[in-house]
Amino acid sequence: MPARSRPFRQCLAIVAVSLVILATACSAPNKLLVLEWSGYEAEDFWTDFKTANPEAAVTFEIGSSDADVLGKMEQGSQADIFHFYTGWQQFYVDAGLVKEIDTSKLTNWDKVPESFKALGRVDGKQYYLPWDWGFTSILYNTDHVPEVTSWDILFDDTYAEHISMWDDGPGAVTVSSYIHGWDEEAITDAQLAQAEQEWKDQKALNLHYWTDEYADLCPEVKSGDIWVAYAWQGCYADALYDGSQPIAYATPVEGRNSWVGLYGISSKTANYDLALEFLDMKLATLTCSNAVTLFYYGCANQEVMDAIEDPVLIEAFGIDDPSIIESTNFTPPVTDAQRTAWTEMWGRVKAE
Amino acid sequence: MLGRRGSLRFLAVPPFAWLIVLFVAPLLLAILISFRAERGPIDFGSLLQASTVQYEKIVGTPSWLRLLATSAGMALLVAALATLFAFPIAYFLAFRARHRAPIFLILLLVPAATSFLLRVMAWKVLLGGSGAINSFLIWIGVIQDPIGLLLYSQAAVVITLIYVWIPFAALPIYAALQRVDRSHLEAAADLGAGPWSRFWRVTVPLSLPGVLATLFMVFIPTVGEYVTPFLVGGTDGFMYGLLIQDFFSRAGNWPLGSALAVIMLLVTVALVAVALRVVDLRRAVA
């Protein structure tokens, strides 16, 4: 054998063995990859699973939006589990990206209210597990804003440069549909054009558009720079705990909006049982409680919600007022064509 | 043995491979994606079904084209001011710092080694309504109410970008000034030229290659800037790069985002080409 070829064959052997080890590691039975939102990768939000499976290796891929999560799954993400929010359920089913959940193996499933379970069903099959949820409404500073009765407060130039709207086209169309009484699932071209012009006129009233409530919105609510905001109740609770500004959370005549976070198991997963256990443990008491106490978001485990005693959280979730949930509008599914049109509309609003 | 030419070719393979895999290939992919009619899973079959729908949308949306023009204008302003502010720093390093030049150079570049996001976020603290600048101006009685213009505005974006770019802008100018032959300055002094005359008629012309390199180095990436307008721009400081980012990550509309990016690339290349034709470096230095 020529002297030059021996080191080369040794290198090839090392590379081959490394590849085998790598491939084995990637498909290891105690490994999970979760496509998650930033912040949710913290151990607090899967602590029960970690306690029950200390040898399991859970890694996270971060998605920045529902569109981003869907895009990653469509382009072949290796995630075993993915997390998204209501309105997007049909897309994953239609693309064959999600496996049905065997709820008979979920020990915490009976703690989830039927209304939440129904949100995870598509075509009669349970594809998703509901987990986090919350309200969207108007957060306002009562020192400057006496009362809020309608979503149209976002368009009130009395509060110019002290308003903040969520940086989201579909969210803007939702608000317009509430104000004008439109069918959110059947917005016409004329209605969309009207909404576009109204939001273009509204743009100058904003201090800014926010994308991350805890990084962009809450600090300026607490500093008193923002008096009126499209907001989730997490920022409301944060402001109540802070106490530096008198903040209230409206129940507009059109009703609040509500959103629910859902987990799905990828149709390509090689670790279905482990993924199922991960989802089951998301509903466990400590994990769910951490979502409530650390992010101020609701959790689908009703026992956890019923056990809340903190007056700030009771206020933030409207637990003492059943009329709130009765008048709440839940985010409906919309088509891909609608989402494309609404996001392009928002792009034109922002560019104006 | 490879020989000298063979060795050079061998050494060039890794950077070329890097460039092809991480620049040329993604760019070609973005161009192909821009010709898709709608968003959705991308596979080779769909990439070959070309459509100009996205480009028609962009051409039919004047506000997006105006935004590109505005962003280019902001980038030009940032490039010009960053170059202007960086020139004295580079001049000091080249002509005054002498044996201490390396120390000052390190001091200039150390902030650039920190997190870009942290530095931009620090400007939010400085420029905000309750920030350090407004608080100071209110305290000394210059203003009664905070100046809103300092944050969530085009001005905030320009100020922050200039701050970010100055350390990098100084480097090409410093390199050009270091190459200035001191005998030219001595000769000018011997011929009776005063300090200002020597500066304007000898130093500045010889520094032009570095100045122009700085202008292009700052202008080109700033046109597509999106992090700074995202953090401090608010609704007024929105830039074209942020529009592209929105369509990629928030809307998941890769075809439209790619088309917007291709148009930005073409416009930027065209502007640079025009600038290079207008500014004949050989005549500028002569």
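Residue numbers start from 1 in every chain, and the chains themselves are labelled A, B, ... in the order their sequence lines are given, proteins ahead of strands.
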Counting neighbours of CZ on B:Phe216 that are heavy atoms of other residues, nucleotides or ligands and sit closer than 6.0 Å, is the number greater than 12?
yes
Bottom line for A:Glu220: the part with an atom under 4.5 Å from chain B's heavy atoms is side chain
Decide yes or no for A:Arg339 and B:Arg39: does some side-chain heavy atom of the first lie under 4.5 Å from some side-chain heavy atom of the second?
no
Segment of B:Phe247 engaging chain A (4.5 angstrom heavy-atom cut-off)
side chain
Side chain / backbone / both / neither for A:Asp336 at chain B, heavy atoms under 4.5 Å:
side chain
List the atom of A:Ala67, the atom of B:Gly252, and the distance in Å for their closest heavy-atom pair.
CB-N, 3.4 Å
Could you tell me whether B:Phe116 atom CZ has more than 12 heavy atoms of other residues or ligands within 6.0 Å of it?
yes
Chain B contact via A:Arg348 - which portion, at a heavy-atom distance below 4.5 Å:
both
Contact between B:Arg250 and A:Asp66 at the side-chain level, heavy atoms closer than 4.5 Å - yes or no?
no
Which of A:Val349, A:Asp167, A:Thr340 touches chain B most, by non-hydrogen pairs under 4.5 Å
A:Asp167
Shorter than 4.5 Å, heavy atoms on both sides: which option in B:Met121, B:Arg66, B:Lys57 has the most such pairs with chain A?
B:Lys57
Is chain A contacted by the side chain of B:Leu231, its backbone, both, or neither, given a heavy-atom distance below 4.5 Å?
neither
Run the side chain to side chain contact (heavy atoms under 4.5 Å, CB included) check on A:Lys350 and B:Asp246 step by step: do they pass?
CA-CA 10 Å; A:Lys350 291 175 71 175; B:Asp246 275 355; 2.4 Å; yes
Tightest non-hydrogen contact, residues A:Ala351 and B:Leu67, listed as CB-CD2, 3.9 Å
Given a strict heavy-atom distance threshold of 4.5 Å, which part of B:Thr235 is in contact with chain A: side chain, backbone, both, or neither?
both
Taking atom NE2 of A:His208 and atom CG of B:Asp236, what is their separation to the nearest 0.5 Å?
12.5 Å
Distance (rounded to the nearest 0.5 Å) between B:Leu151 CG and A:Asp225 CG
8.5 Å
Residue A:Tyr241 excluded, over 12 heavy atoms near OH under 6.0 Å:
yes
Heavy-atom pairs under 4.5 Å with chain B are the metric here; pick the option from A:Ala204, A:Gly71, A:Ala215, A:Ser65 that has the most.
A:Ser65
Contact summary for A:Leu207 and B:Tyr152, nearest pair of heavy atoms:
O-CB, 3.4 Å
Find the distance between CD (A:Glu344) and CG (B:Asn253) and round it off to the nearest 0.5 Å.
5.5 Å
Chain A interface, residue from B:Gly233, B:Gly237, B:Ala251 that has the most non-hydrogen pairs under 4.5 Å:
B:Ala251
Under a 4.5 Å heavy-atom cut-off, does chain B meet the side chain of A:Asn206, its backbone, both or neither?
both
Crowded around A:Glu161 CD? As in, over 12 foreign heavy atoms under 6.0 Å?
no
Decide if atom CD of B:Glu38 counts as having more than 12 heavy atoms of other residues, nucleotides or ligands within a radius under 6.0 Å.
no
N/O donor-acceptor pair under 3.5 Å between B:Trp64 side chain and A:Glu352 backbone:
no
Nearest-0.5 Å distance, CG of residue A:Asp68 to CZ of residue B:Phe248:
11.5 Å
